Amino acid sequence: MAQANKVTVSQGVRMLFSLMTPNESSFATVQEVPTYVSQATTYFTGLIILEIVLGCLMTDGPRIKINDFITSLSAGMMSRLPQLMMRSLELSAYIYVWNNFRLLELPWDSAWTWWLAFLGVDMGYYWVHRFAHELNILWAAHQVHHSSEYYNLSTALRQSVTQQFSSWAFYLPLALMVPPSVFAVHIQLNLLYQFWIHTELVKDLGPLEWILNTPSHHRVHHGRNPYCIDKNYAGILIIWDRMFGTFAPESDQVVYGLTHPISTFEIWTVEFLYYPYLWQRFWEAAGISNKLSVIFKGPGWTPGKPRMGDIADIPQITGEEMPYNPTWSPAMQAYVLVQFFLLLDVYNNLLMDQTILSEMTVLLLTAYVLLSLTSLGFLIEQRANAAEMEMLRCVLIMALQRFGCIKPLVPLLAFPIEAFVLISAVYWSLQCVNQRINRMKKEN
Ligand SMILES: [Zn+2]
Ligand SMILES: [Zn+2]
C-alpha cells in the first residue's frame with residue numbers, strides 16, 4: 001500500500017477528477033493520509049490558467065472578473081484558516097465515534113472498504129448539501145458558495161467558513177464500520193472532485209451525464225432560474241439526485257447566483273451577512289412556531305407558504321441580468337492582483353509549514369492573512385477608509401519581512417518585492433494625507 005507523503009504530479013492531476021486507485025490511496029493510519037487539499041493549490045492554479053486561456057480561444061473572452069475572482073479565492077482562503085488551529089471537525093467527530101461506538105472494523109487495505117467509503121461519503125455529501133439548502137440556519141453558511149454571479153473554476157473555491165461546523169454530523173454513520181484513515185482520504189477526494197465541474201467550457205459529456213455530476217449538472221445547481229432552484233445537490237455521482245427526486249437537466253440559459261444578489265466583494269460581508277438577516281427575521285416572526293420555522297424551514301419560507309417557500313415568489317429571470325461589477329481603474333486592478341498573489345504565496349507557505357512553525361508565528365500570519373483579505377476587499381469596494389487600512393497593511397508586511405516571518409517564493413524577488421511594498425506604503429500614506437486635506441477643505 002502507498003506511503004504517506006507528498007502526492008506525485010500524476011496523483012495531483014488525477015485527485016482532482018476522482019481517478020485515484022484504492023491501491024495508491026489506502027493507509028493504515030490517519031497520520032499517513034496525505035493532505036490532498038492543502039497540496040492542491042498548484043493544480044487549482046494550473047487549471048484556472050488553462051480555463052482563462054481556453055476561454056479566450058473558444059469564446060469571446062474569459063467570463064472572469066478580477067473583483068469576483070479575488071472574492072472567491074478570499075472566501076476559500078478564509079474557510080481553511082480554522083484548520084490551522086485544530087484538526088477538521090469532520091475528522092475529529094468521526095474518530096470519536098469510531099473509537100467509542102464502532103460496530104465492525106472493516107479492513108483498511110481492502111478495495112471493498114475503499115469503494116464503500118467512496119459511495120458512503122458521496123451520499124453523505126448529498127445530504128449535507130441538501131440540508132444546507134433546505135434549512136435556513138445551514139443556508140446562512142452555504143449561501144456563500146452561491147453568491148458569485150459568475151461561473152468559473154474560481155467559483156468552486158468560494159467556500160463558507162461556518163459550513164464545516166455542521167457538515168460533520170452527516171458522515172458519522174460510516175464511522176460505525178469504516179476506519180478513519182479511509183474516511184480521511186475520501187472526504188478530501190470528494191471535495192476536490194467538485195473543483196473542475198465549475199466551468200462553462202465543458203458542455204456535454206454524453207453517457208457520463210447519467211452517472212457523474214458534471215459541469216452541466218452543477219451549472220443548474222448554481223442557477224437562479226426557477227427550474228434550477230433546489231436541484232442537483234450531488235458531489236461526484238448524480239445518481240443520488242436521480243434517486244431522491246432532486247435532479248434537473250440543463251435547459252434554458254442559466255443565470256448564476258443568489259435569487260437576491262448580495263452585490264458586494266467585501267469578504268466579511270460575503271461570509272457573514274446572512275446571520276444578522278436571519279437574526280432579524282427570527283425576532284420579527286410572531287410566535288414560537290414561526291420563529292422555529294424561520295430557522296429550520298427553507299430560506300424561501302414565509303408564514304402560510306410550503307416548507308421550501310413558493311417558487312413563484314422568486315424574482316423573474318428576464319435574460320437581461322447583469323452581474324454586479326462596479327468600474328474601478330485598471331491600475332488599481334493590477335495593484336490588487338499583484339498584492340493578492342504575494343498574499344497567496346504567504347498563505348500557501350503557512351498551510352504547508354504549519355506543523356514546523358511556532359504557534360505565535362501561525363497566529364501572527366493568520367492575523368496578517370485576515371487583515372490582507374479585509375484590506376484588499378475594501379480596495380475593491382473603493383471604501384472611504386481603504387487607504388488607511390492598506391497603508392497599515394503595507395507597514396505590517398515590511399515588519400514581517402524584516403523579522404523573516406514571510407519569505408518570497410523566489411529568493412531573487414525578495415528585493416523587488418520589498419521595494420514594491422515600500423513604494424505602496426508611501427503611496428497610501430500620501431493618499432491618506434490627501435484625503436485628510438480634502439476633508440478639512442470641505443469642512444471649512
Ligand atoms: Zn449548493
Ligand atoms: Zn458549486
Side-chain angles (χ1 to χ4, degrees), residues 16-18 37 40 44 47-48 51 63-64 68-69 71-76 78-80 122-167 170 187-202 212-238 240-241 244-248 250 254-262 270-271 274 298-300 308-309 311 314 323:
L16 295 188
F17 299 96
S18 205
V37 176
F44 288 162
L47 278 191
I48 287 173
E51 188 191 36
R63 287 256 302 154
I64 190 164
D68 181 80
F69 170 79
T71 308
S72 292
L73 266 62
S74 298
M78 204 184 227
S79 73
R80 296 200 70 77
D122 200 46
M123 188 167 79
Y125 177 79
Y126 170 87
W127 287 106
V128 167
H129 196 183
R130 185 162 171 179
F131 272 78
H133 278 256
E134 295 194 354
L135 265 65
N136 213 5
I137 182 73
L138 302 185
W139 173 247
H142 185 61
Q143 56 85 30
V144 175
H145 181 61
H146 287 268
S147 62
S148 174
E149 293 176 81
Y150 296 87
Y151 192 78
N152 52 56
L153 292 175
S154 74
T155 313
L157 304 175
R158 188 180 282 232
Q159 295 289 336
S160 158
V161 181
T162 49
Q163 191 166 336
Q164 54 201 301
F165 299 113
S166 58
S167 54
F170 293 81
I187 194 70
Q188 295 189 76
L189 296 184
N190 194 277
L191 180 68
L192 287 172
Y193 175 87
Q194 294 174 49
F195 176 70
W196 80 275
I197 57 177
H198 291 82
T199 183
E200 290 189 295
L201 295 185
V202 178
L212 292 177
N213 190 17
T214 61
S216 173
H217 297 329
H218 201 60
R219 284 196 286 273
V220 169
H221 181 68
H222 275 256
R224 55 179 147 129
N225 316 47
Y227 85 93
C228 300
I229 302 294
D230 300 327
K231 293 291 188 294
N232 299 3
Y233 296 117
I236 298 177
L237 300 173
I238 198 70
W240 311 117
D241 284 288
F244 299 124
T246 49
F247 175 71
E250 190 175 21
V254 177
V255 179
Y256 302 108
L258 299 166
T259 55
H260 299 82
I262 55 170
V270 171
E271 284 282 356
Y274 203 86
M308 292 304 292
I311 205 78
I314 68 167

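Computed from a predicted model, the values in this text were never measured in an experiment. Remember, it's 1-based here, ligands and their atoms both numbered in the order they're listed.
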query: Should the ring pair Tyr274 and Trp139 be called parallel, tilted or perpendicular, given that the plane angle runs from 0 to 90° and is split at 30 and 60?
result: perpendicular
- line: Rounded to 10°, the NE2/His198 to the Zn ion (ligand 2) to NE2/His218 angle comes out at 90°
- prompt: Does the gap between the ring centers of Phe17 and Tyr193 come in under 6.0 Å?
  reply: no
- prompt: What orientation do His218 and His129 show, parallel under 30°, tilted 30 to 60°, or perpendicular over 60°?
  reply: tilted
- prompt: Which pairs, with at least one residue in residues 123-138 and sequence neighbours excluded, count as a salt bridge (charged side-chain N to carboxylate O under 4.0 Å, His left out)?
  reply: Arg130-Glu134, Glu134-Arg307
- prompt: Are any of the side-chain heavy atoms of Pro215 and Glu200 separated by less than 4.5 Å?
  reply: no
- prompt: Using a distance threshold of 2.8 Å, what protein N/O/S atoms lie below it relative to the Zn ion (ligand 1)?
  reply: His129 NE2, His133 NE2, His142 NE2, His146 NE2, His221 NE2
- request: Would you please classify the geometry between the Tyr233 ring and the His221 ring as parallel, tilted or perpendicular, with 30° and 60° separating the classes?
  value: perpendicular
